[in-house]
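Below: the structure, in structure tokens.
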Amino acid sequence: MQPTLQQRCTKIYQRLHARYRLPASMLEWHNPWELLVATVLAAQCTDARVNMVTPVFFRRWPGPAELSTAPVAEVEQMVRSTGFFRQKAKNLVATARIIVHEYDGRVPETMAELLTLPGVARKTANIVLSNAFHKHEGIAVDTHVRRLSFRLGLTISTNPTIIERDMMQLFPREQWGEINHLLVLYGREICRARKPLCSECVLEDLCPRNGVVG
DNA sequence: ATCCCGAGGG
DNA sequence: CCCTCTGGAT
């Protein structure tokens with residue numbers, strides 16, 4: 001008797017939760033603004049690299065007020081090593097200006113408002129909402145969540161919006177924030193993009209690769 | 001679909 | 001060389 005999709009998700013959560021207990025992002029931050037900046041910089045970049053940049057960044061520009069008047073060229077050099085540096089610098093300065101002028105200098109706390117910021121889509125907004133404000137409006141779908149949800153047969157889509165909708169159906173809301181961290185950690189350690197360590201996998205009996213009906 | 005973009009691993 | 005890293009806008 002094959003387990004249902006829901007039953008598999010329950011087991012996936014239980015096993016990864018047991019493995020990682022209270023998982024957190026490796027990004028280093030001290031307030032919502034720092035988490036927002038770090039998450040924008042994390043696009044197509046490792047957390048370790050972001051963490052090399054952000055301490056210097058926040059010493060130079062501690063908050064949105066300081067960044068809003070910074071020369072974009074100087075910001076570009078600061079974030080250069082994270083890749084996509086022209087886009088990220090331009091978006092971060094523009095975001096700082098919007099937060100200063102439209103939100104009284106504070107990072108907005110709703111999905112709709114966060115999505116108005118340049119360079120911020122649902123993935124970044126979900127990370128900020130769940131981690132900085134403890135609001136779980138959705139599930140952050142990044143490269144790891146996309147790869148693992150597909151491999152585990154939790155979605156047949158490669159579209160992040162559809163993947164998020166599928167995942168929201170499969171996991172209870174109180175797990176939405178944590179499931180992102182669990183899948184990211186497991187994706188980095190075991191279910192890696194390049195050479196997944198299937199022989200060490202604790203989800204082996206739940207994976208379509210081993211005959212479980214997707 | 002394509003572009004943005006540097007750094008590290010293999 | 002190629003692939004990947006907690007994406008987003010056009």
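A quick note: this is a predicted structure, and the numbers were derived from the prediction, not measured. So that the names make sense, note that chain A is the first sequence line, chain B the second, and so on, each numbered from 1.
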Exercise. Rounded to whole angstrom, note down the P distance from C:dT6 over to B:dG10.
Key: 15 Å
Quiz item: For A:Lys195 and A:Arg86, take the nucleotide of DNA chain B holding the closest heavy atom to each; which residue's nucleotide lies nearer the 5' end?
Solution: A:Arg86
Quiz item: Has A:Thr124 got a side-chain N or O lying under 4.0 Å from the OP1 or OP2 atom of C:dG8?
Solution: yes
Quiz item: Between C:dC5 atom P and A:Met26 atom CE, what is the distance in whole Å?
Solution: 14 Å
Practice problem: Would you indicate what A:Arg146 reaches in the nucleic acid, counting non-hydrogen atoms under 4.0 angstrom: base, sugar-phosphate, or nothing? | Solution: nothing
Quiz item: Rounding to the closest angstrom, what is the interatomic distance between B:dC5 and C:dC3 at atom C1'?
Solution: 15 Å
Self-check item: Interatomic distance, A:Leu36 CG vs C:dG8 C1' [rounded to whole Å]
Solution: 14 Å
Exercise. Find the distance A:Glu189:CD to C:dC5:C1' and express it as a whole number of Å.
Key: 17 Å
Quiz item: Under 4.0 Å: is that the gap between some side-chain N or O of A:Arg188 and OP1 or OP2 of C:dT6?
Solution: yes
Quiz item: Are A:His144 and C:dC5 close enough that a side-chain N or O sits under 4.0 Å from OP1 or OP2?
Solution: yes
Quiz item: On a whole-Å scale, what distance lies between the C1' atoms belonging to C:dT4 and B:dC4?
Solution: 16 Å
Quiz item: Between atom CZ in A:Arg49 and atom C1' in C:dT6, what is the gap in whole Å?
Solution: 16 Å
Exercise. Rounded to whole angstrom, note down the P distance from C:dA9 over to B:dA7.
Key: 24 Å
Quiz prompt | Salt-bridge criterion met for A:Arg8 and A:Asp205 (N-O under 4.0 Å) | solution = no
Quiz prompt | Interatomic distance where NZ belongs to A:Lys123 and C1' belongs to C:dA9 [whole Å] | solution = 16 Å
Quiz item: At under 4.0 Å, does any side-chain N or O of A:Arg194 touch on OP1 or OP2 of C:dC2?
Solution: no
Quiz item: Using a cut-off of 4.0 Å on non-hydrogen atoms, how would the nucleic acid contact of A:Gln44 be classed: base, sugar-phosphate, or nothing?
Solution: base
Quiz item: Could you state the CG-C1' distance from A:Leu115 to C:dG7, rounded to the nearest angstrom?
Solution: 13 Å
Quiz item: Base, sugar-phosphate, or nothing: which does A:Thr143 touch, judged by heavy atoms less than 4.0 Å apart?
Solution: sugar-phosphate
Self-check item: Cluster link A:Met26 to A:Tyr186, ILVMFWY, side chain under 4.5 Å
Solution: no
Quiz item: Is A:Asn180 touching bases, backbone alone, or none of the nucleic acid, heavy atoms closer than 4.0 Å?
Solution: base
Exercise. Please state whether the rings of A:Phe57 and A:Trp61 are parallel, tilted or perpendicular, taking 30° and 60° as the class boundaries.
Key: perpendicular
Quiz item: Under 3.5 Å, is there a donor-acceptor pair between the A:Thr10 and A:Gln7 side chains?
Solution: no
Practice problem: Salt-bridge test for A:Arg60 and A:Glu74: reply yes if a basic N is under 4.0 Å from a carboxylate O, no otherwise. | Solution: yes
Quiz item: Any side-chain heavy atom of A:Val75 sitting closer than 4.5 Å to one from A:Lys90?
Solution: no
Quiz item: Considering only heavy atoms from C-beta outward, does the side chain of A:Asp47 approach that of A:Arg188 to under 4.5 Å?
Solution: yes
Quiz prompt | First and last nucleotide of DNA chain B, 5' to 3', lying under 4.0 Å from heavy atoms of chain A | solution = B:dC4 to B:dG9
Quiz item: Taking NZ, NE, NH1 and NH2 as the nitrogens, is one of them in A:Glu204 or A:Arg15 under 4.0 Å from a carboxylate oxygen of the other?
Solution: no
Quiz item: For A:Phe85 and C:dC5, what is the distance between atoms CZ and P respectively, to the nearest whole Å?
Solution: 22 Å
Exercise. Could you tell me whether A:Val141 contacts a base, only the sugar-phosphate backbone, or nothing, with contacts defined as non-hydrogen atoms closer than 4.0 Å?
Key: nothing
Quiz prompt | Rounded distance in Å - CG (A:Asn126) to P (C:dG8) | solution = 10 Å
